[in-house]
Each structure stands twice: as C-alpha cells, then as structure tokens.
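Note that the coordinates shown come from a computational prediction; the quantities given were computed from them, not determined experimentally. Numbers here simply count residues along the sequence, with the first being 1.
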Amino acid sequence: MPRMLDVSNEVRAEIGDEEADRLLAGDSAPGGYDCTSCRTPGDPEQERTSTVLFVGDETAVLAFAHSTCLPSQVVQVTEEQLQSAARSISGYATASTAHAQHAQYVQAAQHAQHPQTAPAAPYQEAPAPRHHSEAPYAVPEQAVLGVTSGLVLLAGELHPALVVEPTAPVARPGSLGAGDDFLPLLIEQGFMPVTELSTAPAVLHGWSVLLAVGQLHAVLQPNPNGGQPVAWWQAHQPLQVTEGWRAAANKHQQVLLFAAPVGSIGRQPREDLLRDALDRAAANGRLVTAALPLAGL
C-alpha cells in the first residue's frame, strides 16, 4: 500500500532527493508514529502524514505528524532543545550533522513516551533575547521574561494561552531613556491591544509557538535577516503544560499569547487568578495579544 506521506520542497531541500524518495517509497518511513503535535498514534499507510524536520546546530531530527495537525516544514531550533527532545522520544529519524542536507537518517522505534502533566498554570522565567539592530526590542540590563501557561475562556470555549510579562521595563533599540516600550514595540510587530477578553484575537503570521514532546520550548518570531524563524522567547528548561492545555492547543492549532508590561500580571498560581489579572490589565490598557500557530516536535 502506498504511503500517504507529504515531504515539502523545504524538507526535500534539506534531506536531499535520495532520502526524500526513500521516505515516499516507504523504505525509511515509520510503520507508525506518535504525532509531533497531538501526541496520538498515526499511520502513514492509513492517513495523510507530514514530515517535519527540526534542525539544530549539529543534529537534525525528522519527525512525523498528522497532516491535519501540521504541514510538512523545516523548523530551526537550538541544539540544546533538539537534544533534550531526542533524549525523551522515539519514533523519529536523526542525523548527527551540522546540516541535514543529504544526511542518512537512522529510524528509531515507533512510539514516543508521553510526558507527565504539570500544575494548572506552569510558570517559567528566561532571559529576554539580546537584540540585534533589526530586532523588535532591546532589553536593558537583560530583563527576564516570565511566561505562564493556562487555559482562557473566551466566548464559551477554552483556549490555550501564554502570558508574558518582563521583570523590568523594556526600551526601544538605541534608546537611552528609562521608559517602557514593551507594548508599543509588540504592537509594531502586529500584536493588538485589547480592553476586554471577549473573543480570540487574529492570527499573527510569521510567529509561532514551539512544542517539543508536549512541552513548551520557545516562542518563534520572523528572522529579521530572512530565513528560518528565530526564538523571541526560549525556555532554559522545557516547560511542561497540562493535558488540557495541550488538547486545546491541538484542537485550535494555535496558542493565544498575551503580553503586559512589568507589574501588570504577577505570578498567578491558578488559572482563575490569572484570568482576573488579565482582565485588570486589559481594562487598564496594559495588554496586547495575538494568536500564534503551533510548531511541534
């Protein structure tokens, strides 16, 4: 039976025509896999399947997903993120090479181990990215971005959300002042201010949320120099999310990101308290939001 496998031109360019043809012929494709997005079993002989290539500095991981969950694509990640994911999963082909192109992949076992779930509103702080000249913003004194995950109820439906708040004011690149330009700079990137939480925001194309093995690894933004997306926020340790959060993310195929300036949200241990803080920030004109598509491993 022919494999219902999709290898995008982008993936083909990285792994080479020979390996792409082997995948399509079924010579190196898995007999079964756990979807990189929804974490449920898939079968390329029974359902359309996407190849998703994650490329680090030294290692490439070829993963598989239901085509209804993710399109075939190449995602650039850090080597640390890739190695962390590879240690926890099976059912993926890997190549130890600085570039994936023409690499021969070794197929592992079929199914991945599912991570344990975490409390209702996992929280993690990580250094905000250092800026380059075209970056969205600069962070004096290397402020930290606190990221909290939780479910937000909008129009009677639960949505997966990430709430981002820096620990210090964020200045515009080149600015010597002490003001806080965190929200204006995000608005310039396409995030929209909100005064109440009633409906889901529009999708911000070019940005995405990277999940690896059901854990949150990064928020990706367009590369100012072109090419693959780069990390806007990156976890120093994978942030576990709840089963309900992951199920909602798989259902909507996107995550709502809410951002507020320092002092607006605070660390909230429960989702009801997190929602109250979001409502207050919105009412005070201190909240921007966007829906970010999923990228998964």
Side-chain angles (χ1 to χ4, degrees), residues 4-8 10-11 33-44 46-54 61-77 81 85 89 92 112 114-115 117 122 147-164 189-192 197-222 228-229 231-233 235 238-259 271 289-297:
M4 302 172 66
L5 202 64
D6 179 24
V7 180
S8 67
E10 188 182 21
V11 171
Y33 61 91
D34 277 358
C35 175
T36 66
S37 177
C38 70
R39 314 305 302 152
T40 61
D43 184 346
Q46 302 293 331
E47 54 198 325
R48 295 201 63 82
T49 296
S50 295
T51 53
V52 183
L53 184 69
F54 292 83
V61 173
L62 185 66
F64 302 91
H66 302 117
S67 292
T68 53
C69 292
L70 286 175
S72 179
Q73 61 186 290
V74 174
V75 179
Q76 198 79 31
V77 295
Q81 289 173 327
I89 61 178
Y92 301 87
H114 292 259
T117 56
V147 175
T148 304
S149 68
L151 292 169
V152 173
L153 185 66
L154 299 174
E157 192 166 17
L158 287 173
H159 293 262
L162 296 176
V163 180
V164 180
Q189 293 295 311
F191 287 80
M192 297 298 295
L197 275 61
S198 56
T199 59
V203 174
L204 181 56
H205 296 287
W207 290 65
S208 60
V209 172
L210 176 61
L211 295 177
V213 203
Q215 298 173 320
L216 179 65
H217 278 246
V219 175
L220 305 177
Q221 65 173 346
Q228 296 298 324
W232 174 74
W233 170 85
L239 179 63
Q240 289 192 334
V241 294
T242 66
E243 187 70 32
W245 193 98
R246 191 164 61 246
N250 179 59
K251 176 182 178 181
H252 294 285
Q253 285 299 294
Q254 62 185 29
V255 175
L256 308 187
L257 191 146
F258 297 94
E271 286 178 343
T289 185
L292 309 186
L294 279 183
L297 175 65

- Query: For the ring pair His217 and Phe54, is the centre-to-centre distance below 6.0 Å?
  - Reply: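 When the ring centroids of His217 and Phe54 are compared, they turn out to be at least 6.0 Å apart.
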Within the structure provided, determine whether [X] and [Y] are in side-chain contact (heavy-atom separation under 4.5 Å).
X	Y	result
His66	Thr49	no
Phe258	Thr148	no
Trp233	Leu220	no
Leu256	Pro160	no
Val164	Trp232	yes
Asp43	Tyr33	no
Met4	Gln46	no

- Task: For residues Trp245 and Thr242, report the shortest heavy-atom separation together with the two atoms involved.
- Result: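 Heavy atoms only, the tightest pair is N-OG1, 3.0 Å.
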- Identify the heavy atoms of Pro41 and Asp34 that sit nearest to each other, and give their distance.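 For Pro41 versus Asp34, the nearest heavy atoms are CA-OD1, 3.8 Å.
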- Message: Please report the interatomic distance OG(Ser149) to CD(Glu271), rounded to the nearest 0.5 Å.
- Response: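 Rounded to the nearest 0.5 Å, the OG-CD separation comes to 8.0 Å.
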- Item | Spatial distance of atom CG (Leu292) from atom CD (Gln253) [nearest 0.5 Å] |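 CD of Gln253 is found 13.0 Å from CG of Leu292.
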- Pairs touching residues 197-212 that satisfy salt bridge (charged side-chain N to carboxylate O under 4.0 Å, His left out), sequence neighbours left out: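 For residues 197-212: none.
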Partner set under side chain to side chain contact (heavy atoms under 4.5 Å, CB included) for [X], not counting sequence neighbours:
X	answer
Ser72	Asp6, Ser8, Val11, Ser50, Thr51
Leu158	Leu151, Leu153
Pro222	Trp207
Glu157	His159, Lys251, His252

- Item | side chain to side chain donor-acceptor pair (under 3.5 Å) partners for Thr289, two or more places apart |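 By the side chain to side chain donor-acceptor pair (under 3.5 Å) rule, Thr289 matches no residue at all.
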- Applying side chain to side chain contact (heavy atoms under 4.5 Å, CB included), run through Leu204 and Phe191 and close with a yes or a no. CA-CA 7 Å; Leu204 181 56; Phe191 287 80; 3.5 Å; yes
- Item | Val255 and its side-chain contact (heavy atoms from CB on, under 4.5 Å) partner, picked from Val219, Leu294, Leu216 |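 Among Val219, Leu294, Leu216, the one that satisfies the side-chain contact (heavy atoms from CB on, under 4.5 Å) with Val255 is Leu294.
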- Task: Mind running side chain to side chain contact (heavy atoms under 4.5 Å, CB included) on Leu154 and Thr199 for me, showing each step along the way?
- Result: CA-CA 5 Å; Leu154 299 174; Thr199 59; 6.0 Å; no
- Verify, without hydrogens or angle tests, whether Ser208 (side chain) and Gly206 (backbone) share a donor-acceptor contact under 3.5 angstrom.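 Absent.
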